[in-house]
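Data block below; observations after.
These figures come from a predicted structure and were not determined experimentally. Computed over heavy atoms, backbone and side chain alike; hydrogens, waters and symmetry mates excluded.
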Amino acid sequence: LFARSGVFLLFWRWDGWEYRRGWLAASLALPPVALAAAFLAPAAAAVIGALALLGALSGVAYSASLHASLDCEGREGEGGGLHEWVIGLGVLLGPLAGAAGAGLFGGPAGAGGLVTALGAAVAVVGLVPLLRTHEEG
């Protein structure tokens, strides 16, 4: 919560962050790593650090997604519905994946493993169009 809020405040005050491809790629690729670190960390301080990184990356991804969906060259706001749909889909599928992982793979470790693996797969799928656009442009 605090790390994500810090990112929101930073981006609210700084106009130069928009459309930085590397930051967006990191915000899609690194959350599964941070989540896995939180599940596997041997100490509470490491869990807190991993969760803070996860929150900050979530703030970058959310800010970039919201900005891009609302900054449509004359069609501002048209992408807001898609943005909210994707968030709603994640709110639904995340807990379902956790429950499936716990049921199929024996408890909390299975839940964390399945959610992390699915998160990594979704991140890779999300990065493909971003990389393709970079190659074409």
So with a 6.0 Å cut-off around CH2 of Trp14, is the heavy-atom count from everything else above 12? yes
Report all side-chain donor-acceptor pairs from residues 108-128 shorter than 3.5 Å, counting only partners two or more places apart or in another chain.
residue: Thr116; atom: OG1; partner: Gly112; partner atom: O; Å: 2.7

So, taking the atom named CG in Leu57 and the one named CZ in Arg4, what distance separates them when rounded to the nearest 0.5 Å? 11.5 Å
Taking it one step at a time, do Leu53 and Leu30 satisfy side chain to side chain contact (heavy atoms under 4.5 Å, CB included)? CA-CA 9 Å; Leu53 177 61; Leu30 295 178; 5.7 Å; no
side-chain contact (heavy atoms from CB on, under 4.5 Å) partners of Ala56, counting only residues at least two apart: Ala3, Val7
Checking Val47 against Phe39 for the side chain to side chain contact (heavy atoms under 4.5 Å, CB included) test, could you report, in this order, the C-alpha distance in whole Å, the side-chain angles of both residues, the deciding distance, and whether it holds? CA-CA 7 Å; Val47 172; Phe39 281 122; over 6 Å; no
Taken to the nearest 0.5 Å, the spacing of Leu1 CG from Leu51 CG works out to 12.0 Å
Of the non-hydrogen atoms in Ala50 and Ala34, which two are nearest, and what is the gap between them? CB-O, 3.5 Å
To the nearest 0.5 angstrom, please state how far the OG atom of Ser63 sits from the CG atom of Leu9. 10.0 Å
